[in-house]
Amino acid sequence: MIQEQDEDALCSCTVIHKDIIRKVKSKLVKDAQLVQVAELFKTMSDPTRLKIINALLLSEMCVCDLACLLNMTQPAISHHLKTLRQTQLIKYRRDGKIVYYSLDDSHIAPLFQQGYEHIIEK
């Protein structure tokens, strides 16, 4: 049955719809931007980094707090925070000796939420 469904999904014609190709091609995202989107999703593909994002959705936190919350070492958390900073998912602010992390902008929460809602909808 699965094999029949796979076969149903295959196009059996060889017609090229040039008008559709021309329209879509003019609106495709540039390759350099697609590379950046791929890097963003690659960064978000790690469960620990998603836990950090989830925590930062709820509150600004320092490395010590994140390490305690996730039961990890500070160096391990710092490594993930660096990766999240490099893809501009999080930002930090210094308050004396303490560095607090938060989400970089308003686009991060919906990205996380959309992925989560997609998983739990079934």
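- In this structure, OH in Y116 is found 12.5 Å from CD in E121, a value given to the nearest 0.5 Å.
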* **Audit row: Y101, K91, side-chain contact (heavy atoms from CB on, under 4.5 Å) steps and yes/no** => CA-CA 6 Å; Y101 290 88; K91 60 185 177 185; over 6 Å; no
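- Here the side chain of D95 pairs no donor or acceptor atom with the backbone of I98 at under 3.5 angstrom.
- Annotation: side chain of L111 is in contact with side chain of F41 (closest heavy-atom distance under 4.5 Å).
- By the 6.0 Å contact criterion, CD on Q86 is enclosed, its count of non-hydrogen atoms from other residues, nucleotides or ligands being greater than 12.
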* Audit row: L89, L103, side-chain contact (heavy atoms from CB on, under 4.5 Å) steps and yes/no -> CA-CA 6 Å; L89 289 168; L103 299 180; over 6 Å; no
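- Using modelled atom types, one side-chain atom of S26 and one backbone atom of K23 make a donor-acceptor pair closer than 3.5 Å.
- With contacts defined as side-chain heavy-atom distances shorter than 4.5 Å, the pair H80/K51 does not qualify.
- Residues V99 and R93 fail the side-chain proximity criterion, which asks for heavy atoms closer than 4.5 Å.
- Taking 4.5 Å as the limit, every side-chain heavy atom of D46 sits out of range of all side-chain heavy atoms of L50.
- Rounding to the nearest 0.5 Å gives a distance of 9.0 Å between CD1 of I77 and CE of M61.
- Checked by atom type and distance alone, the side chain of T87 pairs as donor or acceptor with a backbone atom of T83 at under 3.5 Å.
- Cluster annotation: V37 is connected to F112 through the hydrophobic network of ILVMFWY side chains, with a link wherever side-chain heavy atoms come within less than 4.5 Å.
- Here the straight-line distance linking atom CG of D65 with atom OG of S59 works out to 8.0 Å at 0.5 Å rounding.
- E60 has its side chain within reach of Y100: a pair of non-hydrogen atoms, C-beta onward, lies under 4.5 Å apart.
- Here M72 contributes atom CE and H79 contributes atom NE2; the two are 9.0 Å apart, rounded to the nearest 0.5 Å.
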* Stepwise, does the side-chain contact (heavy atoms from CB on, under 4.5 Å) test hold for L66 with L81? -> CA-CA 10 Å; L66 287 165; L81 290 172; 4.0 Å; yes
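- Open room surrounds CD on Q114; 12 or fewer heavy atoms of other groups in view lie less than 6.0 Å from it.
- Of the inter-residue distances, the one linking I21 atom CD1 with L28 atom CG reads 11.0 Å to the nearest 0.5 angstrom.
- Here the CZ-SG distance, from R94 to C62, works out to 12.0 Å after rounding to the nearest 0.5 Å.
- For residues 29-45, the pairs satisfying side chain to side chain donor-acceptor pair (under 3.5 Å) are E39-K42, with sequence neighbours left out.
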* Test side-chain contact (heavy atoms from CB on, under 4.5 Å) on I53 and I108 and set out the steps. => CA-CA 8 Å; I53 290 170; I108 312 310; 4.1 Å; yes
